[in-house]
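Quick note: numbers below take in every heavy atom, side chains included, and nothing from hydrogens, waters or symmetry partners.
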Amino acid sequence: MYLRAYPRSHGILLYVDRSNFEIEEIPMNFDQDLYNKTLERSESLHGYLLKRETPPPEAKQNQDMSWQCKYCVHKARCDREQ
(Lines give C-alpha, C1' and ligand atoms only; values in the text may rest on other atoms or scores of the structure.)
Protein backbone atom coordinates (compact mmCIF):
# COMPACT_ATOMS: atom_id res chain seq x y z
CA MET A 1 0.00 0.00 0.00
CA TYR A 2 2.82 2.42 0.82
CA LEU A 3 4.46 1.89 -2.55
CA ARG A 4 1.31 3.27 -4.22
CA ALA A 5 2.06 6.67 -2.68
CA TYR A 6 5.62 6.63 -4.01
CA PRO A 7 5.40 5.00 -7.47
CA ARG A 8 9.10 5.20 -8.33
CA SER A 9 10.34 3.75 -5.07
CA HIS A 10 11.28 0.21 -4.18
CA GLY A 11 10.22 -1.49 -1.00
CA ILE A 12 11.67 -4.13 1.26
CA LEU A 13 9.67 -6.61 3.27
CA LEU A 14 11.74 -7.34 6.35
CA TYR A 15 11.18 -10.76 7.91
CA VAL A 16 12.60 -11.48 11.37
CA ASP A 17 12.58 -15.11 12.52
CA ARG A 18 11.43 -15.05 16.14
CA SER A 19 13.24 -18.26 17.04
CA ASN A 20 16.75 -17.04 16.17
CA PHE A 21 16.31 -13.37 15.13
CA GLU A 22 17.69 -14.01 11.66
CA ILE A 23 16.65 -11.29 9.25
CA GLU A 24 15.66 -11.72 5.64
CA GLU A 25 15.10 -8.80 3.27
CA ILE A 26 12.63 -9.39 0.43
CA PRO A 27 12.64 -6.72 -2.30
CA MET A 28 9.17 -5.54 -3.31
CA ASN A 29 7.87 -3.54 -6.24
CA PHE A 30 4.45 -1.98 -6.61
CA ASP A 31 1.87 -4.43 -7.99
CA GLN A 32 -1.35 -2.83 -9.26
CA ASP A 33 -3.32 -6.10 -9.12
CA LEU A 34 -2.29 -6.76 -5.52
CA TYR A 35 -3.12 -3.16 -4.66
CA ASN A 36 -6.62 -3.52 -6.16
CA LYS A 37 -7.23 -6.82 -4.32
CA THR A 38 -6.08 -5.24 -1.06
CA LEU A 39 -8.50 -2.34 -1.49
CA GLU A 40 -11.37 -4.74 -2.29
CA ARG A 41 -10.59 -6.84 0.78
CA SER A 42 -10.36 -3.75 3.00
CA GLU A 43 -13.71 -2.47 1.76
CA SER A 44 -15.31 -5.88 2.30
CA LEU A 45 -13.95 -6.22 5.84
CA HIS A 46 -15.00 -2.65 6.61
CA GLY A 47 -18.54 -3.56 5.54
CA TYR A 48 -18.60 -6.48 7.97
CA LEU A 49 -17.38 -4.20 10.75
CA LEU A 50 -20.11 -1.67 10.04
CA LYS A 51 -22.75 -4.42 10.08
CA ARG A 52 -21.16 -5.91 13.23
CA GLU A 53 -20.93 -9.28 11.49
CA THR A 54 -18.12 -11.82 11.39
CA PRO A 55 -16.62 -12.18 7.91
CA PRO A 56 -16.38 -15.63 6.33
CA PRO A 57 -13.32 -17.60 7.50
CA GLU A 58 -10.88 -17.09 4.62
CA ALA A 59 -8.34 -19.69 5.70
CA LYS A 60 -11.00 -22.34 6.10
CA GLN A 61 -12.21 -21.72 2.53
CA ASN A 62 -8.74 -21.80 0.94
CA GLN A 63 -6.72 -25.02 1.05
CA ASP A 64 -3.43 -23.12 0.76
CA MET A 65 -4.30 -21.08 3.85
CA SER A 66 -6.01 -23.75 5.98
CA TRP A 67 -2.83 -24.43 8.00
CA GLN A 68 -3.44 -21.10 9.74
CA CYS A 69 -6.53 -22.50 11.47
CA LYS A 70 -4.31 -24.59 13.78
CA TYR A 71 -2.90 -21.39 15.28
CA CYS A 72 -6.04 -19.26 15.36
CA VAL A 73 -7.41 -18.17 18.74
CA HIS A 74 -10.94 -18.25 17.28
CA LYS A 75 -10.77 -21.85 15.97
CA ALA A 76 -13.25 -23.36 18.48
CA ARG A 77 -15.81 -20.62 17.88
CA CYS A 78 -15.33 -20.81 14.12
CA ASP A 79 -15.79 -24.59 14.12
CA ARG A 80 -19.02 -24.23 16.12
CA GLU A 81 -20.46 -21.57 13.82
CA GLN A 82 -19.57 -23.21 10.49
Side-chain angles (χ1 to χ4, degrees):
M1 296 298 288
Y2 291 112
L3 291 176
R4 176 71 169 103
Y6 304 99
R8 294 190 184 127
S9 39
H10 301 280
I12 295 174
L13 179 62
L14 189 64
Y15 175 77
V16 180
D17 189 325
R18 292 188 291 180
S19 65
N20 57 15
F21 299 106
E22 287 186 15
I23 296 173
E24 181 178 356
E25 293 181 8
I26 303 164
M28 303 294 293
N29 292 313
F30 178 72
D31 181 331
Q32 185 68 47
D33 290 334
L34 180 58
Y35 177 78
N36 292 339
K37 288 177 187 175
T38 302
L39 284 181
E40 290 171 12
R41 184 171 187 265
S42 298
E43 290 171 358
S44 173
L45 291 174
H46 183 67
Y48 283 104
L49 287 171
L50 291 175
K51 294 184 283 187
R52 302 182 68 83
E53 294 178 2
T54 304
E58 291 175 314
K60 206 178 240 189
Q61 298 171 351
N62 183 332
Q63 190 172 0
D64 293 335
M65 296 172 63
S66 63
W67 63 270
Q68 296 177 48
C69 294
K70 291 191 297 189
Y71 305 100
C72 182
V73 296
H74 304 287
K75 182 176 179 4
R77 179 178 166 208
C78 184
D79 289 343
R80 273 195 318 269
E81 292 179 2
Q82 298 295 320

Inset, instruction - Would you tell me whether E40 and N36 have side-chain atoms, one donor and one acceptor, within less than 3.5 Å of each other? - result: no
Legend entry - Verify same cluster id: L45, M65 (apolar side-chain graph, 4.5 Å): no
Inset, instruction - Check the hydrophobic clustering (I, L, V, M, F, W, Y; side-chain heavy atoms under 4.5 Å; chains of links allowed) and say if L14 and F21 are grouped together. - result: yes
Legend entry - S42 (side chain) donor-acceptor with T38 (main chain) under 3.5 angstrom: yes
Inset, instruction - State the CZ-CE distance between F30 and M1, to the nearest 0.5 angstrom. - result: 8.5 Å
Inset, instruction - Look up atom CZ in R4 and atom CG in D31, then write down how far apart they are to the nearest 0.5 Å. - result: 12.0 Å
Legend entry - Residues, nucleotides or ligands: over 12 heavy atoms within 6.0 Å of E53 CD: yes
Legend entry - side chain to side chain contact (heavy atoms under 4.5 Å, CB included) evaluation trace for H10 with N29: CA-CA 5 Å; H10 301 280; N29 292 313; 2.9 Å; yes
Inset, instruction - Could you list the residues that satisfy salt bridge (charged side-chain N to carboxylate O under 4.0 Å, His left out) with R41, not counting sequence neighbours? - result: E58
Inset, instruction - Give a yes or no on whether Y35 and L3 share a hydrophobic cluster (residues Ile, Leu, Val, Met, Phe, Trp, Tyr; joining criterion: side-chain heavy atoms under 4.5 Å apart). - result: yes
Inset, instruction - May I ask you to decide whether D33 forms a salt bridge with K37, counting only side-chain N to carboxylate O separations under 4.0 Å? - result: no
Inset, instruction - For the pair K60 and S66, evaluate side chain to side chain contact (heavy atoms under 4.5 Å, CB included) and give the outcome as yes or no after the intermediate values. - result: CA-CA 5 Å; K60 206 178 240 189; S66 63; over 6 Å; no
Inset, instruction - Measure the spacing between CG of N62 and SG of C69 and express it to the nearest 0.5 Å. - result: 10.0 Å
Inset, instruction - Output all residues satisfying ring-ring contact (aromatic ring centres under 6.0 Å, His included) with Y48, sequence neighbours left out; order by chain, then residue number. - result: none
Legend entry - Rounded distance (nearest 0.5 Å) linking atom CG of L13 with atom CD of E25: 10.0 Å
